[in-house]
Structures are given as structure tokens and as C-alpha cells.
Amino acid sequence: MPTDRENKLRELRSTLGKLEVALGTISDAIAWTDQSGRIQWCNKPFDELVGSPHIVILGKYLAELLPFREHGTRLPDKGHPVNLILHGKKNIDGYYEYVRNGKILFLEFLGRYLEMTGTVESAVIVIRDITKEKNLEQIKLQSAALQRAANAIVITDSEGAVIWVNRSFRLLTGYRLEEVYGRNLSILKSGQHDKSFYRNLWETILAGKVWQGETVNRKKDESLYVEQQTITPVLDGDGNISNFIAIKEDISERKKTELKLEEYRGKLEQMVTEKTRELKDAQLELVNRALEAGMSQMAAIGLHNIGNAITPLNVLMEKMKAGELANIARYLQKCHDDLKSHAADLGQYLSEGHRGREVFGYMGELIQSLDDHDKKQFDMLEKMESALSYISQILTLQQFYASGSQEIKEQVDLNDLLEDAVRLQMGTLERRGIAVKRTFLKPMPKLLIDKNRLMQVIVNLVKNSCEAIEMQQSDLAPKVIELKTFAHNDRLGFEIVDNGIGIDPADIDRVLELGQSGKGSSGFGLYYCKMFVENSHGTLVFFSRGPGKGASIKVAFDQT
Amino acid sequence: MSTIDALKTETENPVIIVDHEGTVVHINQMFEKTWGWQKDQLVGESLTIIIPENLRDAHHMGFSRFSLTGKPTILHQALELLIRQADGKEAPAEHFIIAEKISGNWVFGATIKPLATNDGNS
């Protein structure tokens with residue numbers, strides 16, 4: 001007869017045996033640990049979750065066997081829920097990630113803290129692998145997104161038979177899934193495309209490539225529409241096409257808009273052409289008017305300067321007219337008369353007469369006078385020649401302006417232009433050992449002007465400065481030309497400063513007159529420069545603090 | 001001769017034999033020599049005495065299930081498991097457990113050979 005103890009033991013064994021069988025058949029992984037976190041028992045799903053033989057798992061630390069991650073970050077052992085349960089003496093439920101064979105599993109974790117009198121503390125845990133549910137959730141979400149997408153989406157099998165469409169497909173085509181399920185999308189054909197169009201489409205997608213294009217299709221209500229379509233083949237694990245996904249966008253409206261736009265663009269182009277022609281005509285008109293205005297202005301300036309040049313000519317001629325030759329002639333006549341009246345006693349008259357004695361003196365003075373006169377005459381003729389030469393220059397200038405008066409204005413960066421001018425003069429500058437200092441305003445506003453002529457002006461001015469420096473004839477001071485650009489108060493321009501020979505401030509106005517120069521050259525250049533600048537609504541100011549003290553030329557234009 | 005009978009005559013390896021209820025019925029001299037247990041300490045006692053505390057739950061559950069279903073999971077294979085020595089220390093050992101029905105009841109026999117470790121303790 002079995003003893004009472006043996007019976008109880010048998011009962012317990014039976015219960016435990018059933019328990020282990022039961023716990024081994026459910027899908028949740030179950031384990032419990034001792035107070036240090038070592039596994040005392042686990043069921044088969046737990047063995048499978050860990051991926052180790054049962055016998056190996058027993059006695060091992062659960063946190064080491066089953067390391068958890070949260071949002072991709074591995075938890076430290078002390079942060080493992082099993083240890084939190086045992087140290088905190090509390091229950092813990094949560095979701096964790098666990099990587100097995102490179103795959104991330106999502107685990108639902110339920111942990112219970114157990115402490116029974118007379119027994120050790122224990123953590124009993126139940127783990128459910130919810131990876132599939134999680135993925136399913138993801139799929140549900142993606143499927144919801146596809147369902148609600150604004151573009152029509154069609155999924156077909158590898159033969160092109162429809163297996164799914166979204167809501168936008170119904171809205172686009174008017175067909176419900178049940179109407180198109182298992183059918184080919186050729187039901188949408190409008191007849192607007194030839195066979196080669198579809199052949200190309202199928203060849204592309206059957207080659208595993210994405211096809212994109214515009215298609216005119218027919219809706220269920222027979223109306224036509226234009227769609228932008230992308231068909232993407234989906235490959236299975238073996239690389240064979242398993243499905244096609246077509247994404248369609250109704251671009252009928254866009255097409256209409258494009259057509260309208262195209263039409264509008266055409267009109268615009270036409271308008272622009274017309275306007276351009278009108279503008280060109282107007283411009284030509286303006287150019288002509290400006291030309292006339294410019295020329296009349298030029299003519300006025302020219303006349304003024306010619307007048308200036310003629311005045312000394314008149315004076316000289318008056319001088320020559322009222323000249324001393326008449327006096328000399330009068331003296332000579334007097335002498336002649338005196339000598340004639342004393343022809344009989346010429347010897348006595350010349351030696352004794354009080355006037356006769358002076359005749360030789362007169363003669364001497366007359367010779368001197370004639371000599372002086374000759375010199376003056378020569379001087380005056382020279383001046384006249386010079387004045388005539390100025391007039392000739394004015395006329396040349398006038399001619400130059402008249403012939404080249406079709407100015408080509410463009411936006412000019414003065415910094416660049418000055419730099420170009422320096423480059424042109426580089427040879428001269430280097431030969432003479434003249435340094436160029438630049439004080440440029442940056443950024444420099446652009447100036448609308450005839451670039452080539454302004455370039456001539458700058459080259460001229462730089463050349464003048466070089467000459468002025470050369471004439472200073474001092475090897476002691478460093479030879480420097482400073483180029484500055486400025487823009488303020490709606491005016492912009494440049495300044496060229498040299499430490500050359502300079503000029504007396506009193507003579508400054510004069511150097512800008514035609515034919516005058518502080519440097520002994522023709523002075524024509526400076527005059528031309530001033531004229532160009534003033535004709536371009538600018539000012540040219542020459543400044544010097546005196547001989548030997550250098551000079552500066554400041555050129556400024558209205559910014560507009 | 002049954003395998004359990006063979007174990008009973010085994011002298012080279014430590015041998016222990018347990019009845020269907022988990023009570024020790026036999027140990028050999030090698031077992032005494034190896035693990036420090038005396039016959040009178042073990043025979044008639046529950047097998048759990050030589051099982052480390054941490055493994056007792058698993059033993060109870062597994063033993064009970066086998067008794068109920070007869071389906072083995074750990075038999076007839078070399079297992080590395082800790083054994084509780086007479087001095088209370090736990091030592092790694094290679095277990096080879098067999099089961100045999102004798103007169104309608106399961107009888108379990110095992111050779112439990114020591115495994116070398118750093119300090120003979122785990």
C-alpha cells in the first residue's frame with residue numbers, strides 16, 4: 001500500500017506533469033527565475049525563442065540569454081525587465097525588441113514578481129512574439145495609405161489581371177474592384193493609341209523595367225481622359241515578376257491648362273515680337289532725336305569753342321590792321337619829306353639842323369621797330385596758326401561725334417572698366433615705375449553708358465596722369481596713380497589721383513579749355529573727355545593744390 | 001541483461017539508480033568516491049538531494065511530465081549539468097541518463113562523470 005506521502009507526491013507529480021505539457025503546448029514563452037535572475041524553468045516556446053536546447057538554458061541568466069532592445073538600443077543588463085522585477089519587487093509589462101538571427105522580433109513582455117514565505121523570490125515571465133501582428137499593423141497602415149492615396153493604384157498579377165484597386169481608381173475610372181477583378185486593364189483602352197504603343201509598354205514591364213507615360217483612356221461612362229501612368233513590376237524572391245503596380249494620375253486638367261498655356265505663350269510671343277518691333281522703332285526714333293539733340297548741342301559747343309578760338313584771331317587781325325607798320329611808314333614819310341626839302345644843303349642839314357641830326361637816330365629806331373614788328377608779326381601769325389589749328393581740331397571732334405553718334409549704351413561696372421584701362425596702360429605704367437592703387441567701392445552699382453567711349457576717356461585720363469607724374473621729374477617720391485570708385489547721392493563715378501606735376505589752381509579752368517594743357521601736350525584729350533562726360537549727363541572736375549602737388553580728376557554721373 | 005542491470009555492475013564510472021518516484025535505490029562506489037555522498041545518505045532519499053536548487057523546478061516538471069507521458073526529452077544523451085556534491089558545492093558533470101520499464105514501473109539510471117573546470121566548482 002502506498003503511504004499517504006507517496007500518494008500526495010503522486011498527485012503533485014501528476015499535476016506538475018500536466019502543467020508542463022500544457023505550458024509546453026501554448027505559443028507564449030514562459031520562464032521563471034530565482035532571485036538572481038537565473039532561469040529555473042522554461043517551456044518549449046521559450047527554448048525556441050532563445051534558440052538553445054532546454055538543458056543549456058536552465059540555470060542561465062535570463063537577461064544574458066534574452067537581451068532586449070528598445071527602439072533599436074540594447075538595454076543594459078540592469079535595465080532588463082527581469083532585473084527590474086527582481087530589484088524593484090514589482091510587476092513589469094512592456095514591449096521590447098529582440099534580435100534573433102539578424103531579424104528583429106517584437107515581444108510583448110508580462111513579468112510577475114513572486115515571493116512566497118519559505119521560498120526564494122522569483123520572477124515569472126510570459127513573452128509573446130507579436131512581430132507578425134506588428135508587421136500586420138504596418139501592412140494595415142500601408143494598405144490604408146494606398147486605399148486613401150490621391151493617385152489611382154492598381155495591383156495586377158503577373159498576367160495583368162487586376163487583383164486590387166484603390167478608391168481613387170474608382171473615382172478616376174468609375175469601375176469598382178468587383179467589376180474589374182480578374183480582368184485585364186485593356187477595358188480602359190480608348191483606341192487612341194496604336195498597337196506599337198502597347199507593345200512597347202508590355203515589352204518594358206515584362207523586361208522588369210518601369211514604364212512611364214501618358215495614356216488616353218476611356219472611363220466606364222465612355223468619356224475620355226488623359227492619365228500619367230507609372231507601371232512597376234514587382235519581383236518575387238526568385239526574380240520572377242509576381243505582380244504589376246500601376247499608379248495613375250488624371251492629367252486631363254493639366255493637359256487642358258498646358259494647352260491653354262501653350263496658346264497663351266504663343267500669343268505672348270507674338271505680343272513680345274510686336275512690342276519689340278515697336279520698341280525698336282521707338283528706340284530708333286529716340287536715337288535719331290537724341291542724335292539731333294546731341295548734334296545740335298555738339299554744334300553749339302563747337303560754335304562756342306570756335307567763337308572762343310576766333311576772338312583772339314580777330315584781335316590779332318585788328319592788331320595787325322592797326323599795326324605799327326603805319327607809324328613806321330609815317331616816320332619814314334616824315335624823314336623822306338625832311339630830307340627832300342633839304343636836298344640842296346643835305347650835308348649841312350644832317351650835320352647842323354636840329355632835326356637833321358636826329359635822322360640817323362630815327363633810322364636806327366625804325367630798323368629796330370621793323371625788327372620788332374617782324375617779330376610781333378611772326379608771333380601773331382603763329383598764334384593765328386595755332387587758333388586755326390584749334391578750330392580744325394574742333395571740327396574734327398565735331399565730325400567724330402557726328403559720325404559716331406550712335407552710342408551703344410550698356411551696363412558698365414566702373415571697377416572693371418578702370419581695371420581694363422589699367423591693363424591697357426600696363427606697359428607704360430610699368431616702364432615708368434608707376435604703381436596703381438585701387439580704392440574701389442564694392443559692390444559698385446552699374447552705370448548705363450557707352451562703354452567704349454568711357455573707356456577711351458579713362459585711358460586718356462590715366463595717360464595724362466602718367467605724363468604729369470613723368471614731368472614731376474622726381475625720383476624720390478614713389479610714383480602712384482590712385483583709382484577710386486564711389487557712389488553716393490544718386491551719383492556714381494570715379495576719381496583718378498596722381499602725384500604728378502600738378503597745376504596752379506588759377507589755371508585749372510584753362511586746362512579744360514580746348515587747346516590748353518597743364519602738361520604742354522595738345523590738351524585736346526582732356527577737352528574731349530570733359531565733353532563726353534558732360535554729354536553723358538556727368539561732370540568732370542579737375543583739381544590740383546598747386547604746381548608740384550599732384551592733381552585729381554573726378555568724374556561723376558547721374559545714377560539713373 | 002537489461003541496461004539498468006548493466007549499470008548496477010558498472011564500476012569504472014559513478015552510477016546512480018532511481019525508481020519511478022524519484023527515490024534513489026542504488027549508487028556505486030565510484031559515485032561515493034567521486035561525489036562524496038555515502039550510500040546511507042542517498043539511498044531511500046529523493047533524487048533532488050543531488051540536484052542544485054536552481055534545477056529542481058525543471059527536474060520536478062520534467063520528471064512529472066515523463067512519468068505522465070513517457071515521452072523523454074533528455075534521455076540517452078550526454079548532458080552537461082551541475083551536480084550537488086555531499087559538501088554542498090555544485091560541480092559540472094556529464095550526465096548520461098537512461099530509463100527502463102521494469103515490472104510496469106520506470107527505473108532511471110545514470111552515469112555522472114565529473115567535468116574538469118578551473119576550480120572544480122561552477
Side-chain angles (χ1 to χ4, degrees), chain A residues 1-26 30-48 50 52-62 64-65 86 114 116 118-125, chain B residues 18-25 44-84 89-97 99 103-106 108 110 112 115 117 121-122:
Chain A
M1 276 291 287
T3 62
D4 191 34
R5 194 187 79 84
E6 282 168 343
N7 279 334
K8 276 184 181 158
L9 192 66
R10 209 165 289 146
E11 271 175 37
L12 275 175
R13 287 230 182 277
S14 167
T15 309
L16 285 177
K18 288 171 196 159
L19 256 181
E20 172 147 306
V21 171
L23 293 177
T25 50
I26 64 165
I30 301 171
W32 61 75
T33 72
D34 65 5
Q35 73 269 35
S36 67
R38 283 200 279 201
I39 297 166
Q40 292 181 311
W41 180 84
C42 62
N43 67 352
K44 228 175 155 168
F46 189 91
D47 299 343
E48 284 158 9
V50 171
S52 292
H54 188 68
I55 212 79
V56 172
I57 292 170
L58 295 172
K60 297 274 164 37
Y61 288 101
L62 192 143
E64 282 175 13
L65 269 186
L86 293 166
L114 288 181
M116 285 190 285
T119 67
V120 289
E121 299 157 58
S122 180
V124 177
I125 62 161
Chain B
V18 178
D19 72 6
H20 64 286
E21 294 195 313
T23 306
V24 180
V25 293
E45 295 297 324
S46 169
L47 173 68
T48 49
I49 202 166
I50 65 156
I51 296 176
E53 255 179 55
N54 252 325
L55 298 176
R56 283 178 193 170
D57 278 352
H59 162 72
H60 286 310
M61 296 284 276
F63 192 88
S64 304
R65 179 184 39 77
F66 180 77
S67 303
L68 212 64
T69 65
K71 284 183 184 167
T73 52
I74 59 164
L75 300 181
H76 313 294
Q77 55 188 305
L79 303 171
E80 282 181 29
L81 281 169
L82 292 173
I83 180 170
R84 191 164 169 270
K89 285 181 182 167
E90 291 170 8
E94 187 195 280
H95 294 58
F96 196 100
I97 308 168
S103 317
N105 283 321
W106 284 106
F108 304 90
I112 305 178
L115 281 171
T117 54
N121 203 348
S122 83

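All chains are named by letter (A, B, ...) in the order of the sequence lines, taking the proteins before the strands, and each is independently numbered beginning at 1.
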*Asks:* Can you check whether Ala93(B)'s main-chain N or O pairs, donor with acceptor, with His95(B)'s side chain at less than 3.5 Å?
*Replies:*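 Yes, His95(B) side chain to Ala93(B) backbone: donor-acceptor pair under 3.5 Å.
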*Asks:* Under a 4.5 Å heavy-atom cut-off, does chain B meet the side chain of Leu58(A), its backbone, both or neither?
*Replies:*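 Contact with chain B is through both the backbone and side chain of Leu58(A).
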*Asks:* For Phe63(B), is it the side chain, the backbone, both, or neither that has a heavy atom closer than 4.5 Å to a heavy atom of chain A?
*Replies:*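 Side chain of Phe63(B) only, per the 4.5 Å heavy-atom cut-off to chain A.
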*Asks:* Side chain, backbone, both or neither: which part of Thr69(B) has an atom under 4.5 Å from a heavy atom of chain A?
*Replies:*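 The answer is the side chain of Thr69(B).
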*Asks:* Do Arg13(A) and His60(B) have side chains that get closer than 4.5 Å, going by heavy atoms?
*Replies:*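 Yes, side chains in contact.
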*Asks:* Does Leu79(B) reach the side chain of Ile97(B), with side-chain heavy atoms less than 4.5 Å apart?
*Replies:*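 Yes. Closest side-chain heavy atoms under 4.5 Å.
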*Asks:* Show your reasoning for whether side-chain hydrogen bond (donor to acceptor under 3.5 Å, both in side chains) applies to Thr73(B) and Arg65(B).
*Replies:* CA-CA 10 Å; Thr73(B) 52; Arg65(B) 179 184 39 77; 3.2 Å; yes
